[in-house]
Undergrad: 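Before I ask anything, here is the structure I am working with.
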Amino acid sequence: MAHPSPPGLTPSEVSFLCEMELVTVIPRQKQDAYTLLGGPTPPLTPPLRANLPLWLALLLKRQKRANIAPPPWLAPAALSTILESETTEYPAAFTPGPALPPAPPSLRDEAASPPFVPTSVVGAADTALPYHWLEMGEILLAGAGDDFEEPDAVRRLLRDLREVRMAKVRAGVEVLDAGGGVKMNGVGGMEIAEGRAFIGGVVDGLRKIGASKEAVRREREREERRVGYRGQEDEEDMDDLQ
Amino acid sequence: MDIDDILAEVDRAGVPQEARDLQSLTRLWVAERVAPEMQPYPEDLMERVLDRIAKQIEAIEEEAGNMDPKTSFKLVVVQTELERFKFLVRSFLRARIAKLDAHPHYYSSGTPYTFLSASERQYLSAHQALLARHYAASFLSQFPHSLQRLDDSAGGVNMVDVPDVDKAVICRVLKDNVGVVAVEGTDVRCDMERGDVWVIRWSAIKERVMAGDLELI
């Protein structure tokens with residue numbers, strides 16, 4: 001009944017999330033629009049391209065009803081450029097993620113975030129790895145490998161990127177601190193899933209070691225704040241007296 | 001309805017309600033799987049989603065007899081999506097139950113209690129009543145009366161186990177102008193910009209996550 005796995009997403013849950021990302025398909029058959037629970041899908045008319053969630057694109061692909069156009073960043077040329085900047089331009093951090101979607105129009109509106117931003121459709125940026133890059137690459141290579149021009153080159157580059165980035169995750173452990181406060185911009189979904197237990201464990205462990213020191217400091221800060229407020233009040237009282 | 005509402009309506013016109021609900025539910029599911037503490041039960045959202053699921057099942061039942069190959073493929077698609085939705089809802093609820101089971105006394109009063117849905121409250125009280133009866137029958141009744149309580153806080157030690165609210169979580173900043181988040185008792189000051197990903201204590205960002213400024217990943 002209760003959820004059996006410990007907190008943190010499992011790799012299959014991360015790929016479940018990734019399957020909600022939009023990809024571009026080139027339909028081979030005419031299909032009407034589907035009324036789905038997550039909103040309607042566009043009608044498919046060959047040879048017009050359409051953007052569909054990955055799970056649906058894979059289903060159509062498996063039934064040979066459509067081909068999937070690989071995302072622009074998953075082309076060998078784009079991947080090598082990213083790999084290049086990952087090693088030379090950003091030796092210590094991840095390369096920044098794709099440009100942000102426009103801010104939500106009003107503060108009350110929910111902002112879009114992966115997997116609901118179209119970072120893997122045709123026409124998306126090819127200069128940055130999106131949040132679900134590893135999952136997207138693996139799923140597409142496994143499910144639609146024949147839609148790639150050079151699947152082996154893509155596979156090799158993905159593996160290189162993964163190694164370079166995993167080394168960065170491991171190296172980043174040194175900056176971890178009891179309070180957290182570590183910026184990990186550009187990190188991928190699967191990398192978080194893999195690193196969460198370790199990163200969380202280190203931060204939580206350090207916190208427990210320093211707990212008593214921290215408690216003393218927190219107490220002092222509160223005290224200072226309280227005294228500070230009273231000090232101000234005293235001054236005001238003095239003003240009143242004058 | 002003021003001008004903000006009207007503007008918001010216009011802006012939202014582009015994205016259907018269904019798609020927005022899917023995004024909210026997905027975000028809440030991830031948060032529930034990752035955070036050490038439960039968040040308020042999204043009453044309206046769950047009602048809409050469950051209602052749509054029920055309608056979709058009805059529609060499938062009506063069309064299941066149709067032998068036309070085009071319709072049957074359509075049914076496959078609709079059913080696949082239905083299963084994905086059901087997984088999302090189920091996993092969300094089960095993650096909440098796991099937290100309820102881990103800290104039943106913490107969630108049975110005060111603010112945490114208000115975060116529960118009606119059926120979660122029912123589950124909690126029924127489960128606790130069963131457990132209490134079982135403990136009493138098997139060993140508690142043999143203890144001295146003063147030692148029989150399960151939520152004793154005498155002697156400076158509280159028996160009630162609470163979730164570790166200082167646990168490290170990983171969050172993404174969703175909005176502009178979130179500002180600086182400080183972790184009390186440490187030197188940590190995070191200047192949060194939209195699109196940033198931070199490792200930080202849950203207790204420091206809890207309110208901001210519930211307000212929708214940040215999301216857990």
Side-chain angles (χ1 to χ4, degrees), chain A residues 1-5 7-9 13 16-17 19-20 31-32 34-41 55-56 59 63 65 97 100 103-113 115-116 131 176-187 189 192 196 199-200 202-204 207 214-215 217-218 221, chain B residues 4 7-8 11-12 16 18-20 22-24 26-27 30 33-36 49 52-53 56 73-74 76-78 80-82 84-85 87 91 94-95 97-98 100-101 164 166-170 172 174-176 183-190 194-201 212 215 217:
Chain A
M1 201 45 172
H3 208 290
S5 35
L9 296 177
E13 284 171 331
F16 174 78
L17 279 179
E19 281 168 3
M20 297 183 192
Q31 305 272 348
D32 292 335
Y34 303 120
T35 331
L36 297 180
L37 292 165
T41 59
W55 65 266
L56 181 52
L59 190 63
Q63 302 221 350
R65 289 168 199 261
L100 297 171
S106 82
L107 280 178
R108 248 174 300 167
D109 259 4
E110 284 202 42
S113 66
F116 299 101
Y131 181 63
L176 289 178
D177 173 46
V182 180
K183 208 166 167 179
M184 295 176 71
N185 285 11
V187 71
I192 288 187
R196 187 193 314 273
I199 294 171
V202 170
V203 174
D204 289 342
R207 187 190 83 221
E214 206 177 289
R217 178 169 165 179
R218 199 176 307 160
E221 276 174 8
Chain B
D4 278 354
L7 283 176
D11 290 329
R12 281 180 200 159
E18 286 91 349
R20 267 182 285 134
L22 173 61
Q23 174 167 343
S24 318
T26 310
R27 196 170 278 171
V30 174
R33 289 284 290 120
V34 168
V49 169
R52 266 180 228 135
I53 289 181
Q56 194 79 309
F73 178 66
K74 188 182 157 201
V76 171
V77 172
V78 171
T80 312
E81 208 233 0
L82 180 68
R84 291 178 61 87
F85 246 87
F87 167 78
S91 184
R94 289 176 70 191
I97 292 177
L100 263 188
D101 282 351
D164 181 9
D166 285 338
K167 207 171 138 44
V169 293
I170 305 171
R172 184 191 291 121
L174 290 176
K175 299 207 172 149
D176 291 315
V183 179
E184 219 184 29
T186 63
D187 293 323
V188 175
R189 301 283 178 276
C190 305
R194 194 158 69 92
D196 281 358
V197 173
W198 287 92
V199 182
I200 196 166
R201 282 188 199 173
E215 71 169 336
I217 53 176

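The chains referred to below are lettered A, B, ... by the order of the sequence lines, with proteins before strands, and numbering in each begins at 1.
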Undergrad: Pick from A/Leu17, A/Thr41, A/Ile199: which one has the most heavy-atom pairs with chain B under 4.5 Å?
TA: A/Leu17
Undergrad: State the NE2-CG distance between A/His3 and B/Asp101, to the nearest 0.5 angstrom.
TA: 13.0 Å
Undergrad: Heavy-atom distances under 4.5 Å only: say whether A/Tyr131 touches chain B with side chain, backbone, both or neither.
TA: side chain
Undergrad: To the nearest 0.5 Å, what is the distance between CZ (B/Phe73) and CZ (A/Arg65)?
TA: 4.5 Å
Undergrad: So for A/Glu221, is it side chain, backbone, both, or neither that comes closer than 4.5 Å to the heavy atoms of chain B?
TA: side chain
Undergrad: Please report the interatomic distance CD(B/Glu81) to OH(A/Tyr34), rounded to the nearest 0.5 Å.
TA: 12.0 Å
Undergrad: Taking the side chain as every heavy atom from C-beta outward, state whether A/Pro4 and B/Arg94 have any atom pair closer than 4.5 Å.
TA: yes
Undergrad: Examine whether an atom of A/Val187 lies under 4.5 Å from a heavy atom of chain B, and if so say whether it belongs to the side chain, the backbone or both; otherwise answer neither.
TA: side chain
Undergrad: Between B/Pro36 and A/Pro7, is there a side-chain heavy-atom distance shorter than 4.5 Å?
TA: no
Undergrad: Taking side-chain hydrogen bond (donor to acceptor under 3.5 Å, both in side chains) as the test, write out the residues that go with B/Arg27, two or more places apart.
TA: A/Glu110, A/Ser113, B/Glu215
Undergrad: Give the minimum heavy-atom separation between B/Arg52 and A/Leu37, together with the two atoms involved.
TA: O-CD2, 3.4 Å
Undergrad: Sort out for me which of B/Val77, B/Ile200, B/Ile170, B/Val78 touches chain A most, counting heavy-atom pairs under 4.5 Å.
TA: B/Val77
Undergrad: Any chance you could measure A/Arg207, atom CZ, to B/Asp166, atom CG, to the nearest 0.5 Å?
TA: 4.5 Å
Undergrad: Roughly how far, to the nearest 0.5 Å, is CD of A/Glu19 from CZ of B/Arg84?
TA: 5.0 Å
Undergrad: Tell me which of these, B/Ala19, B/Ala35, B/Cys190, has more heavy-atom pairs under 4.5 Å with chain A than the rest.
TA: B/Ala19
Undergrad: Can you tell me which portion of B/Leu100 sits under 4.5 Å from chain A's heavy atoms? Options are side chain, backbone, both or neither.
TA: neither
Undergrad: Need one label for A/Leu56: side chain, backbone, both or neither, based on atoms under 4.5 Å from any heavy atom in chain B.
TA: side chain
Undergrad: Where on B/Val197 is there a heavy atom nearer than 4.5 Å to chain A: the side chain, the backbone, both, or neither?
TA: both
Undergrad: Output the option from B/Asp196, B/Leu82, B/Val76 having the highest count of non-hydrogen pairs under 4.5 Å with chain A.
TA: B/Asp196
Undergrad: Which atoms form the tightest heavy-atom contact between A/Gly200 and B/Ala168, and what is the distance?
TA: CA-CB, 4.3 Å
Undergrad: Run the numbers on A/Arg196 and B/Val34 for side chain to side chain contact (heavy atoms under 4.5 Å, CB included), then give the verdict.
TA: CA-CA 10 Å; A/Arg196 187 193 314 273; B/Val34 168; 3.5 Å; yes
Undergrad: Working note: B/Leu22 + A/Phe116, criterion side chain to side chain contact (heavy atoms under 4.5 Å, CB included); need CA distance, chi angles, decisive distance, verdict.
TA: CA-CA 9 Å; B/Leu22 173 61; A/Phe116 299 101; 3.9 Å; yes
Undergrad: Side chain from CB out, backbone as N, CA, C, O: work out which of these in B/Val199 comes under 4.5 Å of a heavy atom of chain A, or both, or neither.
TA: both
Undergrad: Out of A/Asp32, A/Val203, A/Ile192, A/Leu100, return the one with the most heavy atom pairs under 4.5 angstrom to chain B.
TA: A/Leu100
Undergrad: Residues two or more places apart in sequence or in another chain: which of them pass salt bridge (Lys or Arg N to Asp or Glu O under 4.0 Å) with A/Glu13?
TA: B/Arg33
